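Here's the structure we're looking at; comments come further down.
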There are 2 protein chains.
Amino acid sequence: MKLSTKGKYGVRAVYEIARHFGRGPITIKEIADRQGISFSYLEQILHKLGKAGLIESVRGPAGGYLLARKPAELTIGDIVRTLEGPIALSHCLEPGEAGDCYQADDCVARMVWTKVGAKIEEALDSISFEDLLTQQQVQQKEIILKPKKKAALAGKGVC
Amino acid sequence: MKLSTKGKYGVRAVYEIARHFGRGPITIKEIADRQGISFSYLEQILHKLGKAGLIESVRGPAGGYLLARKPAELTIGDIVRTLEGPIALSHCLEPGEAGDCYQADDCVARMVWTKVGAKIEEALDSISFEDLLTQQQVQQKEIILKPKKKAALAGKGVC
DNA sequence: ATATACTTGACAAAAATAGTCAGCTTTGTT
DNA sequence: AACAAAGCTGACTATTTTTGTCAAGTATAT
Ligand code: FES
Ligand code: FES
């Protein structure tokens, strides 16, 4: 039950784009540097998000990426579904394949994973990037108040 | 966002043990046959569940596995957590490692994955094996009423 | 004794993940 | 027109995780 780095990097990258909202396109390189993600890998991820219509790209010099919608209208669920595929805990719950399963009528597990999957979608869709932006401001203040405790494990944790 | 077969097989296996509740131990072989799971692989899975105290084993002839609690007190969450590890969408949310992350204060994603993880736990823990048993009875009746439509993909779908 | 059945650890094939790399296309600037 | 900045695209590879298999145990009812 882990997210792949694609999903996690995707959210962090779009978060950076959202932070840049209203100030023109932000380049892959800048996102990669800020978030410590490989440039080439990030290209793939952003391209996928672009094809899905969640972000827009501007080519040529001074180009980069922009949000395709307002931060409030873009959710974590959008990103995760695009990068990790549809939320289907089991293969035979994927859209298209659903009706195919020969034992769907007889399968008690089906209800379980369907129900849990719905809860996950609900949770993912309930968080927009605007939420992340406002939360970041709150955290910012808290950090200023607290004594800064720079811990050891630099570069290790990556949500 | 898929479950591994361990989690899925685990649930199906325990479901079989639950169906056998009150009728003494059921053997690995019988579970494996009924659910179409490799015997050797199932051994590993059941052993892990046994070590976690969710099921009990009886050795020797006429031995097998038993539920350690009543079906109503055993949830899908118990099984999944045991077999797939704690529900932590990101590595740095795993218990024990949590406080270690040097950027926890500054991390906007942390809140996201924590929140979603909690929802998943909630959903998983809300379903007990008794629920599965009663649901199976309902499905059984429906199947008898409906015309049996044995579809093509035999053996393919595995929730 | 012996057959049945769980226990344990080592091993291996296959699939998914996490990138890397090289070359291409678009477009603003000079 | 030429150049450089920036995204586009597909192929390729190393690593890790998953999904098992196998073999040699240990416990126990009859
Ligand atoms: S990176 Fe560790 S808490 Fe987010
Ligand atoms: S096995 Fe296909 S629906 Fe459960």
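Residue numbers begin at 1 in each chain, while the letters A, B, ... track the order of the sequences. Note that this is a predicted model, so its numbers are computed, not measured.
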Provide, to the nearest angstrom, the distance between the [atom1] atom belonging to [X] and the [atom2] atom belonging to [N].
| X | N | atom1 | atom2 | value |
| --- | --- | --- | --- | --- |
| A:Glu30 | D:dG7 | CD | C1' | 15 Å |
| A:Phe39 | D:dA6 | CZ | P | 9 Å |
| B:Ile55 | C:dA5 | CD1 | C1' | 14 Å |
| B:Tyr65 | C:dA5 | OH | C1' | 9 Å |
| B:Glu56 | D:dA27 | CD | C1' | 16 Å |

Look at [X] and [N] and indicate whether a side-chain polar atom (N or O) is within less than 4.0 Å of OP1 or OP2.
| X | N | result |
| --- | --- | --- |
| B:Ser38 | D:dT21 | yes |
| A:Ser40 | C:dG19 | no |
| B:His47 | C:dC6 | no |
| A:Ser57 | D:dC8 | yes |
| B:Ser4 | D:dT19 | yes |

I want to verify a distance call: between C:dG19, D:dG7, C:dC6, whose nearest atom is closest to the A:Tyr9 side chain? C:dG19
Looking only at C:dA3, C:dG19, C:dT7, the nucleotide nearest the A:Tyr41 side chain is C:dG19
Does B:Glu43 or B:Pro61 map to a spot on DNA chain C nearer the 5' end, using the closest nucleotide for each? B:Pro61
Which residue lies toward the 5' end of DNA chain D, A:Gln44 or A:Met1, if each is placed at its nearest nucleotide? A:Gln44
With distance as the sole criterion, is a donor-acceptor pair present between the side chains of A:Tyr41 and A:Thr5 under 3.5 Å? yes
Hey, are B:Glu73 and B:Ser128 close enough side-chain-wise for a donor-acceptor pair under 3.5 Å? no
Looking across every strand, which nucleic acid part, if any, lies under 4.0 Å from [X] by heavy atom: base, sugar-phosphate, or nothing?
| X | value |
| --- | --- |
| A:Gly50 | nothing |
| B:Leu46 | nothing |
| B:Lys6 | base |

Enter the distance from A:Gln137:CD to A:Gln135:CD here, rounded to the nearest 0.5 Å. 10.5 Å
Any chance you could measure B:Leu42, atom CG, to B:Glu16, atom CD, to the nearest 0.5 Å? 10.5 Å
Can you hop from A:Tyr15 to A:Phe21 via hydrophobic side chains spaced under 4.5 Å? yes
What about B:Arg59: does its side chain form a donor-acceptor pair under 3.5 Å with the base of C:dT4? no
